[in-house]
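Before any comments, here is the structure.
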Amino acid sequence: NGARAVSGDLLSIIPEEDGRERLYSIGNLGKNTLAVSVKKHPKGVCSNLMGQLEKGETLSAGVVNNRHFHLPKSNKEAVLIATGTGIGPFLGMIASNSPKRNLHLYWGGRTSESFGLYQPHIDEALSKNKLYRFIPAYSRVDDKKVYVQHLIKKDGGKIAKILNNGGCVMICGSIAMQREVMTELAKICSTYLKKDLSHFQNRKQIKMDCY
C-alpha cells in the first residue's frame, strides 16, 4: 500500500526476465503518490522495464521498510545531500515537511537541464517554506567542475552548527559521492566542533542510503 510507505523506504521490484530484486529509494509525496527516480541504463533490465511503462499501467512491486533512513521527527533542522536520482526520497521528505523545520537540500547534477525534472517540486517547496534552501552543484557547466562535496566544505560552519544543535545530515546517491562527502564532514567535525564524525554517527545524526 503506497500510503504506508515512508519517504526513505525502498521499492522492491523483481523483473520476470532475471528474477533478481532491485531496490529503489521512495519519496512519498502524499495523496497516495510515490516518487521514485531511476536512471535508465542501456542494458538495465529493470530501468528499461520501468522506462517503457505507459501512464496508467500497473507495476507489481513491494515496499521494504528502511527505518534507518527516515527523517527524524524531533530534528528542527536537517541537511539533505544528494546526487542525481538520489533526490527521490528527499522529494517526499520535503513535501511532508512543516515550515517549522528548516531543510537544506544540496543536489549535484551535470547541468541545470538535469534538474528540470525536479524543478517544479523544488520551486513549490521553496514557495511554501517546506524547503529552506536549495543549493545545486553542476559538474558540466564550465571548466570549473563543482561537486556537492565542494558546497559542503564551503558551508562547513553552517553544517557544524546544525550538527551541534542536534540536527542531522542525510546522504543519498552514489557510493563515490558518499565517500567524498563523508571526508568533508569528518574535517568539519574536527575543525569546527573538535569531535570525531563517529560522535554524530553514534547519535544517528548522520544517515546514509547510497548505492
Side-chain angles (χ1 to χ4, degrees), residues 1-73 80-97 103 105-125 136-140 147-148 170-182 204 206-211:
N1 186 340
R4 294 179 183 174
V6 176
S7 295
D9 283 344
L10 304 169
L11 190 73
S12 167
I13 300 174
I14 304 176
E16 290 183 6
E17 186 172 325
D18 62 10
R20 288 196 300 111
E21 180 185 46
R22 271 75 162 186
L23 297 172
Y24 300 97
S25 203
I26 296 170
N28 192 332
L29 302 181
K31 298 179 182 178
N32 216 27
T33 301
L34 301 181
V36 180
S37 186
V38 181
K39 182 177 181 179
K40 191 173 181 180
H41 296 276
K43 296 182 180 180
V45 172
C46 200
S47 65
N48 278 284
L49 168 68
M50 296 172 75
Q52 290 164 7
L53 289 172
E54 297 291 339
K55 189 173 182 179
E57 276 193 75
T58 301
L59 176 69
S60 179
V63 174
V64 177
N65 182 288
N66 192 26
R67 191 169 295 164
H68 84 277
F69 200 67
H70 292 173
L71 183 66
K73 293 179 180 178
L80 313 177
I81 304 169
T83 48
T85 57
I87 197 175
F90 295 150
L91 293 177
M93 294 177 194
I94 291 165
S96 63
N97 187 40
L103 296 182
L105 175 62
Y106 293 83
W107 181 79
R110 292 191 171 190
T111 64
S112 56
E113 285 75 23
S114 314
F115 179 59
L117 183 63
Y118 314 114
Q119 188 162 4
H121 298 280
I122 298 304
D123 286 348
E124 182 181 4
Y138 299 122
S139 61
R140 297 289 186 275
Y147 295 99
V148 286
M170 302 182 73
I171 307 167
C172 190
S174 70
I175 292 289
M177 178 274 287
Q178 173 192 313
R179 187 166 53 244
E180 295 292 340
V181 168
M182 288 295 281
K204 298 180 180 179
I206 309 289
K207 296 173 177 284
M208 296 173 284
D209 189 19
C210 296
Y211 40 85

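By convention here, the first residue in the shown sequence is residue 1.
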Practice item. Return yes if some donor-acceptor pair links the side-chain N/O of Asn97 with the main-chain N/O of Met93 below 3.5 Å, else return no. Key: no
Check your understanding: Mind checking whether Pro136 and Phe115 have side chains closer than 4.5 Å, heavy atoms only?
Key -> no
Review point. At their closest point, which heavy atom of Cys46 faces which heavy atom of Ile13, and how far apart are they?
Key: SG-CG2, 3.6 Å
Point to revise | Nearest-0.5 Å distance, CG of residue Leu53 to OG1 of residue Thr58 | key: 9.0 Å
Practice item. Locate the shortest heavy-atom distance separating Ala5 from Asn28; write the atom from each residue and the value. Key: O-ND2, 2.5 Å
Review point. For the atom pair CD1 (Ile87) and CD1 (Ile81), what is the distance rounded to the nearest 0.5 Å?
Key: 13.0 Å
**Study point:** Approximate separation, where rounding is to 0.5 Å, of Met208 CE and Cys172 SG
**Key:** 11.5 Å
Practice item. Can you see which heavy atom on Thr83 is nearest to which on Ser174, and at what distance? Key: OG1-N, 3.7 Å
**Study point:** Donor + acceptor pair across side chains of Tyr211, Ser25 (<3.5 Å)
**Key:** no
Review point. Does one side chain, of His68 or Asn66, offer a donor that lies under 3.5 Å from an acceptor on the other?
Key: yes
Point to revise | Nearest non-hydrogen partners of Val45 and Glu17, listed with the distance | key: CG2-OE2, 3.7 Å
**Study point:** Any side-chain heavy-atom pair of Met182 and Ile171 under 4.5 Å
**Key:** yes
Point to revise | Closest non-hydrogen atom pair between Ser12 and Val64, with its separation | key: CB-CG2, 3.9 Å
Exercise for review: Check Lys207 against Pro72 and note the closest heavy-atom contact, atom names and distance.
Suggested key: CE-CG, 3.6 Å
Point to revise | Approximate separation, where rounding is to 0.5 Å, of Ile26 CD1 and Leu10 CG | key: 6.5 Å
Point to revise | Side-chain donor/acceptor of Trp107 to backbone N/O of Ala137, under 3.5 Å | key: no
**Study point:** Nearest-0.5 Å distance, CG of residue Leu11 to CZ of residue Arg22
**Key:** 13.0 Å
Check your understanding: Does the side chain of Met177 come within less than 4.5 Å of Val148's, by heavy atoms?
Key -> yes
Review point. Could you state the interatomic distance from CE (Met170) to OH (Tyr106), rounded to the nearest 0.5 Å?
Key: 15.5 Å
